[in-house]
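Everything on this sheet refers to the single structure shown next.
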Amino acid sequence: MTTGQKIYECRKKLGMTQEELAERLGVTRQSVSKWESDGAFPETEKILELCKLFGLSADELLFGEAQMEKSGSAEEPEHCSRGWGVIKRGDLHFEYVSKKRLWGMPLVHVNFGLGLYRAKGIIAVGNIVTGLISFGTISVGLLAFGALALGLLVFGAFAMGGISFGGVARA
């Protein structure tokens, strides 16, 4: 179960509308809608407020860990580690973040799957990416490769940057 699905279920259990939840958190109804559809992720401050409101720990809201411990199930969790990355079953999602960091950013961040997944790192690969070297559907970086690419040296179907190569390119 994704974080968005958990927000939706908890909101429904409290009998709240998206507008009521949005008003309580000081955000727009559209923000709540995006969270619930996994189109966006709440800011840390809002996650903490959601946890207090729903009576959940951050682990329960984000990963479902406390719920798994309570159930005592020996099944593999939906969100599980697979050696060098994280794979979520059900929604076809893969993420890897290197432990090594430069300038506060991971050296490598890979984050892709069905949906909108963002990757930010020195080398970034995913659906929506930002990095010095970036590969993705929407890619922004010094060296960017993607369907929609923006940067200094870019390669893409729609490319914009200092030196651009692509179907539609603009320098």
Side-chain angles (χ1 to χ4, degrees), residues 1-9 11 18 21-22 25-48 50 58-59 61-64 76-171:
M1 181 181 298
T2 68
T3 301
Q5 291 168 333
K6 289 176 191 163
I7 293 170
Y8 171 81
E9 284 189 11
R11 176 180 63 79
Q18 286 183 341
L21 180 59
L25 297 173
V27 297
T28 64
R29 185 204 54 80
Q30 290 83 357
S31 293
V32 173
S33 177
K34 285 180 185 177
W35 298 344
E36 292 181 352
S37 65
D38 294 312
F41 200 74
E43 298 170 355
T44 306
E45 172 188 330
K46 301 305 177 195
I47 290 172
L48 297 174
L50 287 166
D59 287 343
L61 182 63
L62 300 174
F63 307 114
E76 184 178 54
E78 186 175 312
H79 177 99
C80 58
S81 177
R82 295 271 196 213
W84 62 279
V86 174
I87 295 175
K88 284 185 174 181
R89 292 185 305 167
D91 63 348
L92 300 175
H93 173 243
F94 173 80
E95 182 172 20
Y96 167 73
V97 181
S98 67
K99 292 179 183 176
K100 189 161 194 129
R101 294 185 167 271
L102 292 172
W103 306 296
M105 291 174 50
L107 181 61
V108 178
H109 187 185
V110 178
N111 193 10
F112 61 88
L114 297 177
L116 297 175
Y117 294 100
R118 298 171 197 264
K120 185 176 182 181
I122 304 301
I123 300 171
V125 179
N127 299 57
I128 302 172
V129 294
T130 306
L132 290 179
I133 302 171
S134 58
F135 302 88
T137 308
I138 300 173
S139 180
V140 177
L142 191 62
L143 179 60
F145 301 87
L148 177 60
L150 175 65
L152 185 61
L153 179 60
V154 293
F155 301 88
F158 297 95
M160 181 183 266
I163 301 173
S164 305
F165 302 94
V168 177
R170 181 174 172 130

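Numbers here simply count residues along the sequence, with the first being 1. In this text, all values refer to a predicted model and were calculated from it rather than measured experimentally.
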Do other residues, nucleotides or ligands put more than 12 heavy atoms under 6.0 Å from the CD atom of Glu43?
-> no
For Tyr117, does its backbone N or O pair with a side-chain atom of Asn111 as donor and acceptor, under 3.5 Å?
-> no
Do other residues, nucleotides or ligands put more than 12 heavy atoms under 6.0 Å from the CZ atom of Phe155?
-> yes
What are the two closest heavy atoms between His109 and Lys120, and how far apart are they?
-> ND1-N, 3.0 Å
Evaluation steps, side chain to side chain donor-acceptor pair (under 3.5 Å), between Gln5 and Glu36 | CA-CA 6 Å; Gln5 291 168 333; Glu36 292 181 352; over 6 Å; no
Between Gly104 and Arg101, what is the shortest heavy-atom contact and its length?
-> O-NH1, 3.0 Å
Do the side chains of Val27 and Lys46 get nearer than 4.5 Å, heavy atoms only?
-> yes
Which distance, rounded to the nearest 0.5 Å, do you find between the CG of Leu21 and the OG of Ser33?
-> 11.5 Å
Walk me through it: do Leu132 and Trp103 pass the test side-chain contact (heavy atoms from CB on, under 4.5 Å)?
-> CA-CA 12 Å; Leu132 290 179; Trp103 306 296; 4.0 Å; yes
Separation of Met105 CE from Ile122 CD1 (nearest 0.5 Å) | 4.5 Å
Distance from Lys34 atom NZ to Arg29 atom CZ, nearest 0.5 Å?
-> 10.5 Å
Side-chain donor or acceptor of Ser98 paired with backbone N/O of Val108 under 3.5 Å | yes
Between Val32 and Gln30, does a side-chain contact (heavy atoms from CB on, under 4.5 Å) hold up when you go through it step by step?
-> CA-CA 5 Å; Val32 173; Gln30 290 83 357; over 6 Å; no
Looking only at atom types and distance, does a side-chain atom of Ser139 sit under 3.5 Å from a main-chain N or O of Ser134, one as donor and one as acceptor?
-> yes
Run through Ile7, Thr3, Ile47 and flag the one making a side-chain contact (heavy atoms from CB on, under 4.5 Å) with Trp35.
-> Ile7
To the nearest 0.5 Å, what is the distance between CZ (Arg118) and CD1 (Ile128)?
-> 4.5 Å
Value rounded to 0.5 Å, distance of CG in Leu25 from CG in Leu50 | 5.0 Å
For the atom pair CD1 (Ile123) and CG (Leu102), what is the distance rounded to the nearest 0.5 Å?
-> 9.5 Å
Check whether any side-chain heavy atom of Val129 lies under 4.5 Å from a side-chain heavy atom of Phe135, and answer yes or no.
-> no
Say whether Thr137 and Asn127, considering side chains only, have a donor N or O and an acceptor N or O under 3.5 Å apart.
-> no
